[in-house]
Q: 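My structure is below; once you've seen it, I'll send some questions.
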Amino acid sequence: MPKKTKYIFVTGGVISGLGKGITAASIAKLLKSRGISVNLQKCDPYLNMDAGLLNPREHGECFVTFDGAETDLDLGHYERFIDQELDHKSSLMSGKVLYNLIQDERAGKFDGDDVQIIPHLTNAIQDYITKAGKGFDVHIVEIGGTVGDYESLSFIEAIRELGIKLGLENCVYIHVVYLPFINTSKEIKTKPAQNSIRDLRGLGIQPNILICRSEDKFKNHRIIQKINLFSGVAQERIAIVPNAKSIYQIPLLLKEFGIDKQVLNLLGLKETKPDLRQWEEMIVLANKKFQRKIKVGIIAKYLDNADTYLSVFEALRSAALWNNTNIEICWVDAAGIEAGNYDLEKLKSFDGILVPGGFGTSALEGKIQAAQYALKNNIPYLGLCLGLQMGVIAAARNAGLKKATSFEIDPKSNEQIIITMEDQRGKELTGGTMRLGNYECKISKDTLVSKLYKTNRVIERHRHRGECNPKFTSSFQKWGLRICGINPQSKLVEIVEGVDHKFFVGTQFHPEFKSRPTRPHPLFVGFIKSMIDK
Ligand code: GLN
């Protein structure tokens, strides 16, 4: 008989940004550490089809799954917490459900019925959820937004109904709320949480577990008693979770409250022994003050939101901590460099320079200048996707090809070192059409990159339209570059490294998506090590 999947639904109230995603990921981590197979899914009420066209400045990075889905950054958290690759089914936006529903209507699949929010839309959502959960012991579904939002109503209704269809004994509802601290009266207030739980109950869902976020740790038993009284949630199923120094501590905090045991108990699952040793070791390192500290400059377009480059930051941090090094990540305004408002000599203060991925025309010249500087001054450089492209242009310019450019900077130039891939022409403004997800890369022997990877074949995740122009690749050697990774099918250049340079590596893919807190990506490790050796 196929395994019956149990479900956990995570909703949030009071305000957004409370860490529902981290809560969902933490519970998944705790269950997985006990040998239970888990999947995670994020349901986003936006009317977009996916996260591909969302502005990363506002919404944070677009995370790419191995099968090429452009998703919300929470999927990155999920993958990092449970060290498991998730597929496109783990990200569901309203637009996708509606689009398919209307297509079915046009195809006459409803037999003349009125097509309605209930049951057609809610059934469709349930279908997506149960398909993603199939085959796993436990499937954890996070509903984006806050309860009471107009746009998330159909998702809330869908998970309410699912509880009835699957049996409430197979489902756990977790609600994440906020307990504000009023400084003037030195009081923790429960009223906003009460209101939010009332909203949730008004929509027909009685939460089983409450995660109460607070600014600080507090031991006020009366507060828990009070929450218990108004919510009907047992005291041992209420956790008070203060702001943590690192998000990776949250699973341990929830474990302290026994939330994982409560989940097992509610779902009728056996209580096996958890193994969190490596995770705990990582947290000890993450909080340690090492003798060594390095400073990395990120040459970026968006300076005000670290979430824009979330996976990059996480990959840098984990590579640093496993090499017993503290890391400071500093923003460098690429537009400032371009406008001549930034003295390039200041780049010398960094142990390494990183140019992350990006799109559009703005600030590209600033990125090229930073890469030129890194090349000339033997400063370790890691270029990710756009960072490879700007790195190659920098090398060409340093070698005298002053007009070297890319399809994004000058679409008409004959000296485009980076061109639009053949099959991408004309698709520039369309969603979901880039070269996305996993592609193979063959690594050349006796290169720095092959030493780091310790293998001659890797699979990495992509999201781009441009490639190195084959017309110029024979000049790379002259420019001091070596092509050390290519895609065996399309022959597309996947990795480039500097020849006489301490560490100059550019990848057409995004290694940051495969880096893990306990298993940092080898290229990030190499980058960090090159800075330590300095
Ligand atoms: N804009 C570039 C391209 O489409 C780089 C993309 C990226 O950095 N992800 O090729």
Side-chain angles (χ1 to χ4, degrees), residues 50-57 59-66 68-71 73 76 298-302 307-313 315 334-335 338 353-368 370-371 381-394 404-411 413 416-439 441 460-470 472-473 485-487 490 492-496 505-515 521 523-524:
D50 57 34
L53 298 175
L54 290 177
N55 183 344
R57 168 175 265 154
H59 296 274
E61 112 188 324
C62 170
F63 187 82
V64 182
T65 58
F66 74 87
E70 297 174 283
T71 75
L73 56 73
I298 304 261
I299 319 294
K301 179 157 90 167
Y302 304 118
D307 279 354
T308 310
Y309 307 109
L310 184 62
S311 295
V312 176
F313 280 41
E338 186 168 320
I353 288 173
L354 187 147
V355 175
F359 293 87
T361 51
S362 78
L364 296 184
E365 288 295 338
K367 294 181 183 184
I368 296 171
Y381 174 94
L382 181 60
L384 308 172
C385 201
L386 181 72
L388 166 139
Q389 301 175 352
M390 299 303 106
V392 174
I393 295 172
T405 189
S406 87
F407 70 111
E408 284 175 303
I409 303 174
D410 185 353
S413 161
Q416 283 180 14
I417 309 297
I418 307 297
I419 51 170
T420 314
M421 279 179 276
E422 179 108 28
D423 59 354
Q424 288 291 330
R425 304 209 173 123
K427 292 184 181 169
E428 280 79 358
L429 290 170
T430 50
T433 54
M434 278 187 252
R435 182 171 182 252
L436 290 165
N438 272 3
Y439 284 92
C441 170
E460 295 279 2
R461 297 190 204 169
H462 300 70
R463 182 174 187 246
H464 64 117
R465 294 193 203 279
E467 64 167 324
C468 290
N469 187 349
F472 287 98
T473 44
I486 57 158
N487 175 272
S490 64
L492 183 134
V493 174
E494 295 276 12
I495 316 177
V496 167
V505 173
T507 62
Q508 194 55 80
F509 48 80
H510 292 271
E512 68 271 24
F513 293 145
K514 286 184 80 171
S515 189
H521 191 284
L523 296 185
F524 278 88

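For ligands, and for the atoms within them, numbers begin at 1 and follow the listed sequence. Please read all numbers here as calculations on a predicted model, not as lab measurements.
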Q: Tell me every residue that passes side chain to side chain donor-acceptor pair (under 3.5 Å) with S490, counting only those two or more places apart in sequence or in another chain.
A: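 Partners of S490 by the side chain to side chain donor-acceptor pair (under 3.5 Å) criterion, ordered by chain and then number, come out as N487.
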
Q: Between R463 and E512, does any NZ, NE, NH1 or NH2 come within less than 4.0 Å of an OD or OE carboxylate oxygen?
A: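 Result for this pair is no, no salt bridge flagged.
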
Q: If you measure from atom 2 (C) of ligand 1 to every heavy atom of M434, E467, Q389, H462, which option wins on shortest distance?
A: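 Nearest heavy atom to atom 2 (C) of ligand 1 lies in Q389.
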
Q: Give me the residue, atom name and distance of the protein heavy atom closest to atom 5 (C) of ligand 1.
A: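 Checked against all protein heavy atoms, atom 5 (C) of ligand 1 sits closest to G358 O, 3.4 Å.
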
Q: Would you compute the distance between atom CD1 of I418 and atom CG of L386 and round it to the nearest 0.5 angstrom?
A: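 Rounded to the nearest 0.5 Å, the CD1-CG separation comes out at 9.0 Å.
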
Q: Is R465 touching ligand 1 with its side chain, its backbone, both, or neither, if touching means heavy atoms under 4.0 Å apart?
A: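 The answer is both, backbone and side chain.
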
Q: So how far is it from N469 CG to T405 OG1, rounded to the nearest 0.5 Å?
A: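 Going from CG on N469 over to OG1 on T405, the span is 11.5 Å.
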
Q: Would you say H464 has any N or O atom under 3.5 Å from an N or O of ligand 1, going by distance alone?
A: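 So ligand 1 has no N or O lying under 3.5 Å from an N or O of H464.
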
Q: Using the test ring-ring contact (aromatic ring centres under 6.0 Å, His included), find all partners of F313 that sit at least two apart in sequence or belong to another chain.
A: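 Here the qualifying residues are W331.
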
Q: Please report which non-hydrogen protein atom sits nearest to atom 10 (O) of ligand 1, along with the residue it belongs to and the distance in Å to one decimal place.
A: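 Its nearest protein heavy-atom neighbour is G466 N, 2.7 Å.
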
Q: Quick one: which ligand 1 atoms are inside 4.0 Å of a heavy atom on L386?
A: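 Those qualifying, in numeric order: 5 (C), 7 (C), 8 (O).
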
Q: Only heavy atoms count here, so choose which of R463, M390, Q508 is nearest to atom 9 (N) of ligand 1.
A: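 Nearest heavy atom to atom 9 (N) of ligand 1 lies in R463.
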
Q: Roughly how far apart are R461 CZ and F509 CZ, rounded to 0.5 Å?
A: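 CZ of F509 is found 12.5 Å from CZ of R461.
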
Q: Charged N to carboxylate O under 4.0 angstrom, E428 versus R465?
A: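 Salt bridge absent between E428 and R465.
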
Q: If the cut-off is 4.0 Å to any non-hydrogen atom of G357, which atoms of ligand 1 fall inside it?
A: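 Counting atoms of ligand 1 from 1, those under 4.0 Å from G357 are 8 (O).
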
Q: Looking only at protein heavy atoms, which one is nearest to atom 7 (C) of ligand 1, and what is the separation?
A: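 Protein heavy atom at minimum distance: C385 SG, 3.0 Å.
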
